[in-house]
Amino acid sequence: MPAATALVAALLLTAVVVLLVRPPGPLDDPDLADQRDGLLLDGARLPPTRADVDLGGRPVVVLFERGEPSGVAFEDWRTQVSDEGVDLVVKVGAEGDALAELIGMPTPVDGGRPIGYAVIDPSRRVRYATLDPNYLKNAFEVDVITGAVADGRS
């Protein structure tokens, strides 16, 4: 009987994994464990001005998009991530390629330009860089990260 119970449990767990764990989509990081992991980096220190973005003295969130973001959901997200001394810079399409490379933005499964964001701290160091095609639903995460780097808690 214990062997039958173990077999049933194994089959149930396999079914759960197969049904609930999805493979990465075309805009996701090839390794979903690396996407939005919440870990602050001690990344590259960027020059004071790069790709028409002035860095240093305050946290900067760089949003990478393939098309110009708009609409109520974007405006709500923008309001939540660009308050309390945090600047938001939006880079669309090719205009963000050089900065994405310098920051170390991951390449999505489809091989195209990233959709996601990076957080640069007041000393111009890359602290977070992630693909996030659903970033409009995750403004609170950006707020937590920018709060941590702005306060020097990291």
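All figures in this text were calculated on a predicted structure; none of them were measured in a lab. Heavy atoms only: backbone and side chains are in, while hydrogens, waters and symmetry mates are out.
Cluster annotation: Y128 is not connected to L41 through the hydrophobic network of ILVMFWY side chains, with a link wherever side-chain heavy atoms come within less than 4.5 Å. Two different hydrophobic clusters hold V62 and L40 under the rule that ILVMFWY side chains link at heavy-atom gaps under 4.5 Å. Residue V86 is grouped with residue I145 when hydrophobic side chains (ILVMFWY) are merged at heavy-atom distances under 4.5 angstrom, including chains of intermediate members. A continuous path of ILVMFWY side-chain contacts below 4.5 Å connects V81 to V92, so both sit in one hydrophobic cluster.
In this structure, CG in L131 is found 5.0 Å from CG in D29, a value given to the nearest 0.5 Å. The CG atom of L46 sits 5.5 Å away from atom CG of L55, with the distance rounded to the nearest 0.5 Å.
A 4.5 Å side-chain heavy-atom check between V90 and F74 finds at least one atom pair inside the cut-off. Side-chain contact check for T107 versus P30: every heavy-atom pair is 4.5 Å or farther apart. At a threshold of 4.5 Å between non-hydrogen side-chain atoms, the residues R124 and P47 do not count as touching. Between V142 and T146 the shortest side-chain heavy-atom distance falls below 4.5 Å. Looking at heavy atoms from C-beta onward, D143 lies out of side-chain contact with Q80 at the 4.5 angstrom threshold. For the pair L102/V126, no side-chain contact is recorded, criterion being any heavy-atom separation below 4.5 Å from C-beta on. Side-chain contact between V53 and L99 is present, with at least one heavy-atom pair separated by less than 4.5 Å. Side-chain contact between M105 and F64 is present, with heavy atoms from C-beta onward closer than 4.5 Å.
Considering every non-hydrogen atom in both L136 and A73, the closest pair reads CD2-O, 3.8 Å. Across P108 and P26, no two heavy atoms sit closer than the pair CB-O, 3.6 Å.
Residues D121 and R58 are not paired through a salt bridge, judged by the lack of any N-O separation under 4.0 Å between the basic side chain and the carboxylate.
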Derivation of the side chain to side chain contact (heavy atoms under 4.5 Å, CB included) call for V89 and V61: CA-CA 6 Å; V89 175; V61 175; over 6 Å; no

Chi angles and distances behind the side chain to side chain contact (heavy atoms under 4.5 Å, CB included) call for Y135, W77: CA-CA 8 Å; Y135 68 89; W77 184 87; 3.6 Å; yes

Working for salt bridge (Lys or Arg N to Asp or Glu O under 4.0 Å), residues R66 and D110: CA-CA 13 Å; R66 292 183 181 177; D110 73 0; 2.8 Å; yes

Test log, rule side chain to side chain contact (heavy atoms under 4.5 Å, CB included), inputs V149 and R125: CA-CA 10 Å; V149 302; R125 187 167 300 282; over 6 Å; no

Chi angles and distances behind the side chain to side chain contact (heavy atoms under 4.5 Å, CB included) call for L63, K91: CA-CA 6 Å; L63 174 64; K91 291 293 183 181; over 6 Å; no

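Listed for the R113 side chain is no donor-acceptor partner under 3.5 Å among the backbone atoms of D97.
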